[in-house]
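Just the heavy atoms: all of them, side chains too, but no hydrogens, waters or symmetry mates, feed the values below.
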Amino acid sequence: MNDMVGESDLNLQAAARRALADRLGALRAEYTAAATAGRGGRGVQAQYAAGMDRLVRSLVEPVVGTAAPFVVCAVGGYGRRALCLHSDIDLLLVFDGAIGAAEERVVNAVLQPLWDLRLSVGQHIRELRELDEAEDDNPEFLLALLDLRLLAGDVRLFDHLLERTHRTEAARHADLVTALLKLTDERYASFNNTLYQLEPDVKNAPGGLRDISAVRWLRTLAREAFAVRGRLDGERLEDAEDFLLRIRSLLHLEHGRDANVLTHDSQDRVARALGLPGADLRQQVEALMGEYFRHARAVTRALDWSRRVVRPPAVPDDAGPVTASLAIGADGVEFVDPDKAAVQPAVWLEAFALAIANREPVSEQVRSVVQANVGRYTADYFTATEEGRLRLRSMLHPTPGLSARLSDMLECGLLTAIFPEFEKIHCRVIRDFYHKYTVDEHTLLAIRALESLWHPPSASRARFASILNEVHEPELLTLALLYHDVGKWHEDDHAVESLRLARPMLARLRLPDEARQTVEFLIRHHLAMSRVVFRRDFTDPETVAQFAVEVGNEEQLKKLCLMTLVDMDAVGPGTLTPWKEDLLWRLYVDAYNRVTLGYADELIQEDQAGRASVMAERPNDVSEAELTRFLQGLPRRYLSVFGLSTIYQHVRLARGLLPDELHASLERRDDIWELTVAALDKPYLFSNIAGVLSYFGMDIHRGQAMTTPDHLVLDIFEFTDGEGFLRQNASARDEIARVLRGAVAGSIDVAALLRGRRRSIVYRRRREVGTHVHLDNTHSQKYTVLEIVTDDAPGLLHRVSRTVSDQGCDVDLVLISTEGRKAVDVLHVIRHGRKLDEPAQAQLERALEQALEETYEAD
């Protein structure tokens, strides 16, 4: 009999679970249909939240009265009825008494079915009295209570709960505002304080859904202050929220989880689903991102305005009139007479110039007046007089605060009125998987990086700051930066197009010939230095000599170095690593020596003196004969690349080598690991070592392969531990050494190891970049320079160098640069000790193209 009852209960429970799953399935199907059609905004999410309300209530009703009085409430996003398909179901369960066994059964009865349905539940369980205690360490929970909403339970208890939360809110108003602003600042910092992300997080990025929540929370916490300052444009905020929620709904559907980043791939699908205008997909995506930035700007402005309402800026000590037209107030520089200023564009520039000089913001009043009237004036108006031109040039001196004011000028239309060519890149999205921001924002961030050199954040950056102190007319750098990427509106060589667009501006400004030529040079060659650093062997004196000729003079070299530094720094967080910064500095020093005519003379002397120094300083365990034998046949650049202690380590590493044997050392410098391998020459040695590193997930950044007439091979690889194999495994060094030995001895097939890795779905990637193979005999006196641009992929260097070896060529130097998903590999190769002739180049090019094509087909 008991077994029959137990079985009956189980059947009932199973039926109840199926019924619950069916209800949720129907609810999600309804939501999915609407979201797929691009209608997953505020209304659909509120409807989905209402369905979830009914589902939760159905779980609560059977247990009402079985424990102390309790309530089940929705909080956070669920409390606001903003519920996406995979959002957390944030619940607060409060009991009017101690939580014992009966109350725990209530908790399980409500939560367990939700977990069984695989819903992501964020639960908070409290006794009523606990809510009187401040949870200072949990500001997110206190803020979530601002969206408290009753779902089920004792109404009288909910009234008590509401009263207590309001009491806490009133008592802790200042602390909550402080906590909210601190959380917002931290969130903004993680996005480099800019909303102009090429792949924005629609929830967390500046201008996203969290900003909208922050605005509403501030309004709740400071009702009285908002009542005094006037009303916010709530309708515009709701439009932005609806648009962002529609995108978020599509992202949840696409990824099947709580995904909020609008990636390049997602942008295609979202643009189609939202039915945005455009003759083709590209135009539809541009319309999507344009609409996104329009809403995100409105949101950030609303938040900025709300912040100033709850925390009004202090009136500065020097507040008051500064000129007949301008004054400094609590909000920054303002017009004394806004009506009069509306028809005096010269005063607009004075306002921004005063703000930059005094490191003050410009007030909302100034921005509004300019925005309302700027459309009546052309670029020529602002540069019609010598006074206006000089004021403009003076404003562009890269001092702290310049980029922020230029950003204000862009937002109110003044920047594009003065420099109309800049409009072509306003909110321009370039999908190159390398830059993180829109083109205009990248430009302003580059200027911000330049002005930051007045207070360099590190000792390494201070080296470049010293250059900024030395250059003449630094405002020319700002001018060149403003125009260096305007050509990106066009698909051809953007440097050429940028220069074409800059020339009318230079004519309007009537710059002296020398200054105009400097700006033109910087725009035309703004990528030259990074190309030499990452695609050429700049330890080759010939490469440095060619670069020095291209640069021309010391002043242009200094400006180009600074421009390269800040241009790279503005690409995205972490792009300009200390290692890259160091390489850039090394090229600057070498090129500076060459440009100043000392380099060539020192080269011969330095080479001889360098060798003498190595011999003179040798330690006791290295004999003169051994050192002489080791150095014999190594390239001259070896002495300039490596320090004395490293050279002696190489000598020791090369001792006692036998065929099929290798000696290796592995060292770490910051994030860069360096593997040095000494071995006797044999086919495919470099390729196999590269393959082993790829097998262990290492991202190879630079490689050098040097061979002596005695067949001693010295291969050096610089790489990062991308997957943390070395960091996470105590025996990683031994394991790498074991596989390296096996690869050199021939007992381990490296190609087979990498085939298995490439088949893994984790490493499978779509083709995004067309393959480009180019061979050149002019860049080096001794080598044929092979440049390959293609999709980055595990084992790429192994396959490339293996194909080169298949063609009977020797690899002497390898430079690798990875730009997002694009790999740029440059190899210096020879065959039979000479450069490749044209037939050999053509044969190698075909073999490489075929090998890479087969690689991706296999993937």
Answer yes or no: is there an ion pair linking R531 with E550, defined by an N-O contact shorter than 4.0 Å?
no

Residue pairs passing the salt bridge (charged side-chain N to carboxylate O under 4.0 Å, His left out) test with at least one member in residues 407-416, sequence neighbours excluded, are R297-E411, R301-E411, R405-D408

The criterion is side-chain hydrogen bond (donor to acceptor under 3.5 Å, both in side chains); which residues satisfy it with E334, sequence neighbours excluded?
none

Return the set of residues passing side-chain hydrogen bond (donor to acceptor under 3.5 Å, both in side chains) with K559 (not counting sequence neighbours), or none when no residue passes.
E555

Side chains of L565 and I467 in contact at under 4.5 Å (non-hydrogen atoms):
no

Does E386, at its CD atom, have more than 12 non-hydrogen atoms belonging to other residues, nucleotides or ligands within less than 6.0 Å?
yes

Please enumerate all residues that pass salt bridge (charged side-chain N to carboxylate O under 4.0 Å, His left out) together with D304, with sequence neighbours excluded.
R308

Residues in salt bridge (charged side-chain N to carboxylate O under 4.0 Å, His left out) contact with D485, at least two apart in sequence or another chain:
K488

Considering only NZ, NE, NH1 and NH2 on the basic side and carboxylate oxygens on the acidic side, decide whether D185 and K182 come within less than 4.0 Å.
no

When you check the side-chain N and O atoms of T438 and D440, is any donor under 3.5 Å from an acceptor?
yes

Let me check something: any side-chain donor-acceptor pairs from residues 393-402 under 3.5 Å, sequence neighbours excluded? List them with distances.
residue : atom : partner : partner atom : Å
R393    : NH2  : E473    : OE2          : 3.1
R393    : NH2  : E475    : OE2          : 3.0
T399    : OG1  : H397    : O            : 3.4

Beyond-backbone contact of K424 with V486, side-chain heavy atoms, under 4.5 angstrom:
no

Run the salt bridge (charged side-chain N to carboxylate O under 4.0 Å, His left out) test against R524 and tell me which residues pass, sequence neighbours left out.
none

Note: R536-D776 ion pair, threshold 4.0 Å (strictly below):
no

Salt-bridge criterion met for D569 and R461 (N-O under 4.0 Å)
yes

Salt bridge (charged side-chain N to carboxylate O under 4.0 Å, His left out) contacts in which one or both residues fall within residues 335-360, not counting sequence neighbours:
E350-R391

Under the rule for ring-ring contact (aromatic ring centres under 6.0 Å, His included), what residues qualify as partners of H295, not counting sequence neighbours?
F243

Measuring from atom CZ of R508 to atom OH of Y381, what distance do you get when rounded to the nearest 0.5 angstrom?
16.0 Å

Just to verify, what does Y292 make a side-chain hydrogen bond (donor to acceptor under 3.5 Å, both in side chains) with, not counting sequence neighbours?
none

Please enumerate all residues that pass salt bridge (charged side-chain N to carboxylate O under 4.0 Å, His left out) together with R376, with sequence neighbours excluded.
none

Who are the side-chain hydrogen bond (donor to acceptor under 3.5 Å, both in side chains) partners of D582, not counting sequence neighbours?
R463

So H484 and H442, would you call those rings parallel, tilted or perpendicular, with 30° and 60° as cut-offs?
tilted

Step-by-step side-chain contact (heavy atoms from CB on, under 4.5 Å) determination, L527 to H494
CA-CA 10 Å; L527 296 175; H494 81 270; 3.7 Å; yes

